[in-house]
S.K.: 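Below is one structure. I have some questions about it.
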Amino acid sequence: MAPSFKVMSLTDAAAARIKGIMADAERPIAGLRVGVKNGGCAGMSYTMEYAEERKAGEDVVEDKGVRVFIDPKAVLFLLGTQMDFQTTKLSSQFVFNNPNQTSACGCGESVAITPADPNALTAAHA
């Protein structure tokens, strides 16, 4: 049996913020859907949306009382990522601490991500 890897994790701040957002939602929410899409000056950007249910093929991460659905096309881009929520004097935002990220644009809206190598991960955990 192949080892199971946790695609991503949440900090306490991110979990608390997601719980707050879900509590204020106008409809029942099963969790948060996270993915990546092509676009922006660095090549890719993160996506987040309410998830009313799990879609076929999605990985499910349950961390700190929050359920996150991972778009199957994003798994190798997000493997090992920690999602945080940070508040500064000028902004409040979710931040993705992604070991697969190779660069980011100056505006902080898009990133360059190299997909993780699942063979290397299997060898490292063998």
Side-chain angles (χ1 to χ4, degrees):
M1 187 168 137
S4 176
F5 300 105
K6 191 172 191 178
V7 176
M8 66 183 296
S9 62
L10 304 173
T11 64
D12 291 339
R17 181 65 182 136
I18 293 168
K19 287 177 187 176
I21 290 169
M22 289 175 54
D24 291 340
E26 295 177 4
R27 61 189 188 276
I29 303 299
L32 180 72
R33 179 167 292 113
V34 175
V36 295
K37 67 177 182 176
N38 291 330
C41 48
M44 300 186 97
S45 59
Y46 297 103
T47 62
M48 294 187 311
E49 65 183 10
Y50 291 132
E52 294 180 22
E53 62 185 7
R54 179 182 184 187
K55 291 182 181 177
E58 287 183 324
D59 279 22
V60 179
V61 173
E62 296 202 30
D63 193 13
K64 297 176 179 60
V66 174
R67 184 175 297 136
V68 179
F69 301 100
I70 309 295
D71 180 337
K73 295 175 288 203
V75 169
L76 291 179
F77 294 104
L78 295 174
L79 206 56
T81 297
Q82 181 188 59
M83 185 176 174
D84 192 12
F85 185 76
Q86 297 177 354
T87 301
T88 66
K89 288 183 178 183
L90 300 176
S91 70
S92 295
Q93 64 186 348
F94 286 102
V95 176
F96 293 86
N97 299 310
N98 187 338
N100 308 303
Q101 183 175 313
T102 55
S103 66
C105 68
C107 68
E109 293 296 318
S110 69
V111 294
I113 308 171
T114 302
D117 179 356
N119 295 324
L121 292 169
T122 302
H125 287 82

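Remember, predicted model here, so these are calculated numbers, not experimental data. In what follows, every heavy atom counts, from backbone to side chain, and hydrogens, waters and symmetry copies are set aside. This chain uses plain numbering: 1 for the first residue, then up along the sequence.
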S.K.: Would you please name every residue forming a side chain to side chain donor-acceptor pair (under 3.5 Å) with S9, sequence neighbours left out?
M.R.: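 Residues passing side chain to side chain donor-acceptor pair (under 3.5 Å) with S9: none at all.
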
S.K.: Sequence neighbours excluded and cut-off under 3.5 Å, please list the side-chain donor-acceptor pairs for residues 63-79, or say none.
M.R.:
from : atom 1 : to  : atom 2 : distance (Å)
D63  : OD2    : L10 : N      : 2.6
K64  : NZ     : L10 : O      : 2.8
R67  : NE     : E62 : OE2    : 3.2
D71  : OD1    : K73 : N      : 3.0

S.K.: Using the rule that Ile, Leu, Val, Met, Phe, Trp and Tyr join whenever any side-chain heavy atoms are under 4.5 Å apart, tell me whether I21 and F96 fall into a single cluster.
M.R.: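 Linked within one cluster.
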
S.K.: If you group Ile, Leu, Val, Met, Phe, Trp and Tyr whenever their side-chain heavy atoms sit less than 4.5 Å apart, what else falls in with V95?
M.R.: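 Grouped by the 4.5 Å side-chain rule, V95 forms a cluster of one, so the answer is none.
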
S.K.: Is any side-chain heavy atom of E26 closer than 4.5 Å to a side-chain heavy atom of Y50?
M.R.: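 Not touching, per the 4.5 Å side-chain cut-off.
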
S.K.: Report the distance from atom CG of N97 to atom CE of M83, rounding to the nearest 0.5 Å.
M.R.: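 Reported value, rounded in 0.5 Å steps: 11.0 Å.
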
S.K.: With sequence neighbours left out, write down each residue that passes side chain to side chain contact (heavy atoms under 4.5 Å, CB included) with A13, or none if nothing qualifies.
M.R.: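 Residues passing side chain to side chain contact (heavy atoms under 4.5 Å, CB included) with A13: T11, D84, F85.
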
S.K.: Give every donor-acceptor pair under 3.5 Å between a side-chain atom in residues 27-34 and any protein atom, sequence neighbours left out.
M.R.:
from : atom 1 : to  : atom 2 : distance (Å)
R27  : NE     : E52 : OE2    : 2.3
R33  : NE     : E58 : OE2    : 2.5
R33  : NH1    : E49 : OE2    : 3.3
R33  : NH2    : E53 : O      : 2.8
R33  : NH2    : E58 : OE1    : 3.4

S.K.: Under a 3.5 Å distance rule, please check whether T81 uses its side chain to pair with a backbone N or O of M8 as donor and acceptor.
M.R.: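 Not at all, since once roles are kept as given, no pair shorter than 3.5 Å links the two residues.
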
